[in-house]
Asker: 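Next up is a structure, given as structure tokens.
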Amino acid sequence: MSSLEFAASLDAKDELGSFRDRFHRPKDCIYLCGHSLGLQPKSVRSYVEQELEDWENLGVEGHFHARNPWMPYHRLLSEKMARVVGARPDEVVMMNSLTVNLHLMMVSFYRPTRKRSKILIEKGAFPSDQYAVQSQIRFHGFQPEASLLEVSGSEILSAIEAEGNSIALVLPGGVNYATGEFYDLEAITQAGHDKGCVVGFDLAHAAGNVPLQLHKCGPDFAVWCTYKYLNSGPGSVGGCFVHERHARAWELSRFAGWWGHDEESRFQMEPEFHPMPGAEGWQLSNPSILSLAAVRASLDIFDEAGMERLRSKSEALTGYLESLFGARHEIVTPQRRGAQLSIRIPGGNRSICDQLAAQGVICDWREPDILRAAPVPLYNTFQDVFHFAERFCAIL
Ligand SMILES: Cc1ncc(COP(=O)(O)O)c(C=O)c1O
């Protein structure tokens with residue numbers, strides 16, 4: 001297995017192999033950083049240019065007369081985005097960015113009371129999530145010391161069982177950003193709902209990475225970004241899921257903006273807010289069309305490749321990397337995972353990534369001692385994995 005020929009033979013059998021050429025790759029490099037910023041699909045340029053041209057030629061008329069009119073442009077993405085996360089199209093909307101959507105969802109779905117004020121997140125959640133939940137807890141007049149419950153991934157279910165009656169909102173990630181662990185969303189949702197908690201997920205590292213069945217699993221909401229595994233460009237527009245059961249929950253408090261208003265009467269400019277049914281009712285502003293165009297280009301590729309095929313190649317890539325390492329390195333990522341492997345290097349530091357970069361391998365470092373590498377099934381090969389393992393082991 002540890003020969004380049006073997007890796008090449010796996011690539012030769014890879015039915016998704018041709019997708020690699022649909023992406024721009026930084027020159028002469030093995031890119032293993034799709035967990036941070038996905039590569040650019042070559043098709044993005046023409047999708048964005050089409051909107052630039054329509055803007056150039058039509059000005060404001062583009063809202064209704066562009067080749068893909070901008071008014072309903074976000075809807076061109078709903079079906080394909082919904083397929084990637086296992087939702088119904090009206091449960092999904094592309095808007096804002098991840099942390100903004102996290103806050104908007106908490107406005108509606110975090111309604112603490114004296115008896116039930118806690119938010120449960122996973123220990124070591126991404127800092128933005130920690131800041132967002134702390135600020136929401138304070139905003140409602142509670143204190144994070146008492147109302148923020150942080151537990152390790154393996155303790156989420158038991159913590160819900162033990163403390164569920166005081167938890168208002170269960171809000172872990174789907175895949176932990178540092179360890180790459182893929183949580184059991186269905187079990188967490190079920191456990192949370194059984195205890196009367198609201199359940200949401202931050203799917204930044206899960207969307208486009210692991211198979212998701214949001215509608216069936218039934219969380220109340222989920223949010224994600226599109227610049228990692230969804231390859232839609234730095235800071236690109238985020239995604240949001242609101243379960244169908246809340247589609248017409250007009251009584252839920254929400255922060256409102258005109259783009260969430262019923263589209264039939266939106267341009268009558270009346271003072272009273274009537275939200276659209278479904279996830280679209282949480283929109284605030286008219287979205288960035290240039291950004292949505294990039295997401296659209298990417299989702300078209302996902303639709304062609306299919307999450308099922310991507311998942312099986314992803315498992316094969318990480319499995320191959322793990323077997324090349326053997327017992328030589330401490331992989332902290334469990335078997336239930338996405339495309340990322342996190343390797344603990346006690347006493348190591350960021351310079352390991354610098355040395356890898358000098359040898360043409362891009363991966364990243366998370367303090368205090370974790371190197372993250374993600375072989376992404378759309379554009380990485382088994383030979384990438386082989387070269388990475390060889391260079392990594394030589395450096396260590
Ligand atoms: C798990 C997770 N949550 C939240 C964020 C913050 O995302 P944004 O800057 O798009 O709000 C990130 C960014 O990488 C992330 O990985």
Side-chain angles (χ1 to χ4, degrees), residues 32-39 81 84-85 92-107 109-110 119-136 148 150-153 156 169-183 185 188 199-210 212 214 219 221-241 255 282-285 287-288 290-292 294-295 298 332-333 337-342 353 362-367 370-374 376:
L32 297 174
C33 233
H35 56 280
S36 182
L37 182 70
L39 291 180
M81 186 71 257
V84 171
V85 296
V92 164
V93 67
M94 308 309 296
M95 60 181 190
N96 313 310
S97 52
L98 200 170
T99 310
V100 173
N101 290 336
L102 199 53
H103 276 296
L104 289 180
M105 289 295 102
M106 282 195 275
V107 166
F109 294 107
Y110 176 52
I119 302 182
L120 182 151
I121 61 173
E122 86 259 39
K123 196 175 266 164
F126 191 79
S128 199
D129 297 46
Q130 298 183 42
Y131 308 150
V133 298
Q134 286 168 19
S135 62
Q136 286 279 341
L148 179 57
E150 295 175 276
V151 300
S152 68
I156 293 176
L169 173 63
V170 175
L171 182 58
V175 169
N176 180 269
Y177 86 100
T179 65
E181 178 173 2
F182 175 23
Y183 299 130
L185 272 54
I188 293 171
V199 180
F201 290 101
D202 174 348
L203 301 178
H205 290 260
N209 179 18
V210 290
L212 296 166
L214 290 182
F221 69 88
V223 291
W224 57 94
C225 59
T226 58
Y227 45 79
K228 299 179 187 295
Y229 295 98
L230 289 169
N231 308 318
S232 302
S236 197
V237 66
C240 185
F241 163 90
F255 283 174
W282 273 266
Q283 294 173 105
L284 297 182
S285 306
S288 158
L290 299 182
S291 186
L292 285 182
V295 183
S298 171
V332 296
T333 311
R337 64 193 176 205
Q340 165 192 335
L341 283 193
S342 302
C353 282
I362 309 287
C363 46
D364 71 5
W365 184 258
R366 281 293 170 265
E367 299 298 346
I370 298 282
L371 181 135
R372 303 188 300 177
V376 171

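Whatever order the structure lists them in is the order used to number ligands and atoms, beginning at 1. Being a predicted model, the structure only gives us computed values, none of them experimental.
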Asker: Among all protein non-hydrogen atoms, which one is nearest to atom 14 (O) of ligand 1, and what is the separation to 0.1 Å?
Answerer: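 Checking every protein heavy atom, the shortest distance to atom 14 (O) of ligand 1 gives K228 NZ, 2.8 Å.
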Asker: Considering only protein heavy atoms, which is closest to atom 7 (O) of ligand 1, and at what distance to one decimal place?
Answerer: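 The closest heavy atom on the protein side is Y227 OH, 3.0 Å.
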Asker: Hey, does Y227 have a side-chain heavy atom less than 4.5 Å from the side chain of S298?
Answerer: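 No, too far: nothing below the 4.5 Å cut-off.
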Asker: Looking at W224 and L214, what are the two nearest heavy atoms and their distance?
Answerer: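 Taking every non-hydrogen atom into account, CZ3-CD1, 4.3 Å.
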Asker: Does a side-chain heavy-atom distance below 4.5 Å link L148 with I121?
Answerer: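 They are in contact (side-chain heavy atoms under 4.5 Å apart), so the answer is yes.
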Asker: Of the protein's non-hydrogen atoms, which lies at the shortest distance from atom 16 (O) of ligand 1, and what is that distance?
Answerer: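 Minimum-distance protein heavy atom for atom 16 (O) of ligand 1 reads H205 NE2, 2.9 Å.
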Asker: Considering only the protein, which heavy-atom contact is closest to atom 11 (O) of ligand 1, and what is its distance?
Answerer: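 Ranking protein heavy atoms by distance from atom 11 (O) of ligand 1, first comes T99 OG1, 2.5 Å.
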Asker: Considering only heavy atoms, which of Y131, F126, Y177, W224 lies nearest to atom 5 (C) of ligand 1?
Answerer: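 Selected option, by shortest heavy-atom distance: F126.
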Asker: Counting only heavy atoms closer than 4.0 Å, does ligand 1 sit against the backbone of D202, its side chain, both, or neither?
Answerer: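 The side chain, only.
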Asker: For residues S232 and V237, determine if any side-chain heavy atom of one lies less than 4.5 Å from a side-chain heavy atom of the other.
Answerer: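 Not in contact.
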Asker: Could you see which bit of D129 sits under 4.0 Å from ligand 1, with heavy atoms only: side chain, backbone, both or neither?
Answerer: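 Only the side chain of D129 comes within reach of ligand 1.
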Asker: Knowing that exactly one of D202, L102, T99, V133 qualifies, which makes a side chain to side chain contact (heavy atoms under 4.5 Å, CB included) with S128?
Answerer: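 Option passing the side chain to side chain contact (heavy atoms under 4.5 Å, CB included) with S128: T99.
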Asker: Can a donor-acceptor pair be found between the side chains of H35 and N209 at a distance below 3.5 Å?
Answerer: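 N209 and H35 do not have a side-chain donor-acceptor pair below 3.5 Å.
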